Amino acid sequence: MKLVVVSAGLSVPSSTRLLADRLAAATGRYTSVDVQVVELRDLAVEIAHNFTSGFPGRALSAALEAVTEADGLIVVTPVFSASYSGLFKSFFDVLDQDALTGKPVLIAATGGSARHSLVLEHALRPLFAYLRAVVVPTAVYAASEDWGAEGLAERIDRAAGELGRLMEGLGSGAGAVRRAEVADTAGAADKADASVVVDTDTAIAPRSLDGALASADRFTVIPFEQQLAALRP
């Protein structure tokens, strides 16, 4: 499977890239992956030109294609002004809005102080939830004092294990069918005032909706009006 690592570090060497490499190596211990690293610092000029011209350059186009075709992503950003960096956000702004639908993503960040660790929950997780990615439960933050200290290695291993198992699950059998159906129905879901994607492997639907659901191995988009009608007495 293809694992793409997106690193938004600016310096060389970079603690952001170091964390990205450690997460990728740990993921490889849980599932067989081919790793490709996308260094956003090398794409900064092309990203800026894409905003003004509407067309990606050759290197940016290759990076966008790699992310779109990946079976899983690791994304790591330094913390700037208590949030992800502008370069990090700009890259995902030029990515197609449906490119990450149903894709497993591990989020991580680096910073000079542990006080910025909540950037993972108030900035990165909402961003990738909006892009309809499947974000693993454990996020990894590394402050300056975390390198060489206890705890970081364990967090890296736990997050990598979650990503590896999720990639394995979504990349085989019924999981692959579900991912394809999520991508196919993304446009229809956006058009509805409020639609949901139900994973019928785990979700419990009202009995009156049973006939509307497909087999237990499929995703089904259920319009809000139909959900509301099922809940009425």
Side-chain angles (χ1 to χ4, degrees), residues 1-14 16-17 19-21 23-24 27 33-110 119-120 123-136 163 167 170-171 176 178-192 195 197 219 221:
M1 286 185 292
K2 183 178 180 181
L3 175 64
V4 173
V5 180
V6 178
S7 171
L10 298 179
S11 60
V12 179
S14 164
T16 300
R17 175 62 187 270
L19 179 58
D21 289 343
L23 287 165
T27 303
V33 291
D34 294 322
V35 179
Q36 178 178 346
V37 178
V38 174
E39 281 278 12
L40 297 187
R41 64 186 300 273
D42 299 330
L43 302 173
V45 173
E46 289 195 22
I47 291 173
H49 286 168
N50 190 97
F51 279 111
T52 57
S53 69
F55 297 96
R58 181 175 300 177
L60 177 58
S61 180
L64 295 173
E65 182 179 358
V67 169
T68 301
E69 295 180 353
D71 296 298
L73 291 180
I74 294 173
V75 297
V76 192
T77 178
V79 175
F80 288 171
S81 302
S83 187
Y84 36 64
S85 72
L87 179 60
F88 182 87
K89 179 61 162 57
S90 295
F91 176 76
F92 290 100
D93 281 344
V94 299
L95 185 68
D96 185 89
Q97 63 178 359
D98 296 325
L100 300 187
T101 298
K103 197 181 301 293
V105 176
L106 191 166
I107 57 174
T110 59
V119 69
L120 295 166
L124 270 78
R125 196 176 295 276
L127 170 63
F128 288 97
Y130 172 78
L131 294 173
R132 298 191 294 276
V134 181
V135 185
V136 303
L163 178 62
M167 289 175 65
L170 292 180
R178 288 194 297 269
R179 282 189 60 189
E181 290 189 340
V182 169
D184 290 340
T185 58
D190 286 341
K191 292 177 183 178
S195 298
V197 178
F219 269 110
V221 175

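Here the structure is a predicted model, which is why all the values come from computation and not from measurement.
Rounding to the nearest 0.5 angstrom, the gap separating the CZ atom in R125 from the CD1 atom in I107 is 4.5 Å. Here L60 contributes atom CG and F91 contributes atom CZ; the two are 6.5 Å apart, rounded to the nearest 0.5 Å. In this structure, CD on E46 lies 9.5 Å from CG on L64, to the nearest 0.5 angstrom. The OG1 atom of T52 sits 12.5 Å away from atom CD1 of I47, with the distance rounded to the nearest 0.5 Å. With rounding to the nearest 0.5 Å, the separation of OG1 in T27 from CG in L106 is 6.0 Å. Atom CG in L127 sits 5.0 Å away from atom OH in Y84 (nearest 0.5 Å).
Residues L163 and P104 share a closest heavy-atom pair of CD1-CB, 3.8 Å. Between L170 and G102 the shortest heavy-atom distance is CD1-O, 3.6 Å. Across all their heavy atoms, A108 and L19 have their closest contact at CB-CD2, 4.0 Å. Taking both residues in full, the closest heavy atoms of V119 and A109 are given as CG1-CB, 4.1 Å, listed atom of the first, atom of the second, then distance. Residues A129 and V135 approach most closely at N-CG2, 4.5 Å, considering heavy atoms. Nearest heavy atoms, M167 versus K2: CE-O, 4.0 Å.
Heavy atoms of other residues, nucleotides or ligands lying less than 6.0 angstrom from CZ of F51 number more than 12.
Between the S61 side chain and the G57 main chain, no donor and acceptor come within less than 3.5 Å of each other. Under the 3.5 Å distance criterion, the side-chain polar atoms of S85 are left unmatched by any main-chain donor or acceptor of F80.
Every residue meeting the side chain to side chain contact (heavy atoms under 4.5 Å, CB included) condition with V134, not counting sequence neighbours, appears here in chain and number order: L166. Legend: residues meeting ring-ring contact (aromatic ring centres under 6.0 Å, His included) with F92, ordered by chain and number and at least two apart, are F88, F128. D93 meets the side chain to side chain donor-acceptor pair (under 3.5 Å) test with K89; sequence neighbours excluded. For the side chain to side chain contact (heavy atoms under 4.5 Å, CB included) test, no residue two or more places apart in sequence or in another chain qualifies with D34. A search for side chain to side chain contact (heavy atoms under 4.5 Å, CB included) contacts involving E65 returns E69, not counting sequence neighbours.
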> Does the side-chain contact (heavy atoms from CB on, under 4.5 Å) test come out yes or no for L100 and V67, once each step is laid out?
Replying inline: CA-CA 8 Å; L100 300 187; V67 169; 3.8 Å; yes
>> As a quick check of understanding, evaluate side-chain contact (heavy atoms from CB on, under 4.5 Å) for L131 and L95, giving each step before the final call.
In response: CA-CA 10 Å; L131 294 173; L95 185 68; 5.5 Å; no
>> Please determine whether salt bridge (Lys or Arg N to Asp or Glu O under 4.0 Å) holds for the pair D71 and K103, giving the CA-CA distance in whole Å, both sets of side-chain angles, and the decisive distance to 0.1 Å.
In response: CA-CA 7 Å; D71 296 298; K103 197 181 301 293; over 6 Å; no
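Looking at heavy atoms from C-beta onward, T68 lies out of side-chain contact with D96 at the 4.5 angstrom threshold. At least one side-chain heavy atom of V105 sits under 4.5 Å from a side-chain heavy atom of V75.
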Show which side-chain atoms of residues 3-14 pair as donor or acceptor with protein atoms under 3.5 Å away, not counting sequence neighbours.
{"unit_1": "S11", "atom_1": "OG", "unit_2": "P13", "atom_2": "O", "d": "3.0"}
{"unit_1": "S14", "atom_1": "OG", "unit_2": "T16", "atom_2": "N", "d": "3.1"}
{"unit_1": "S14", "atom_1": "OG", "unit_2": "R17", "atom_2": "N", "d": "3.2"}

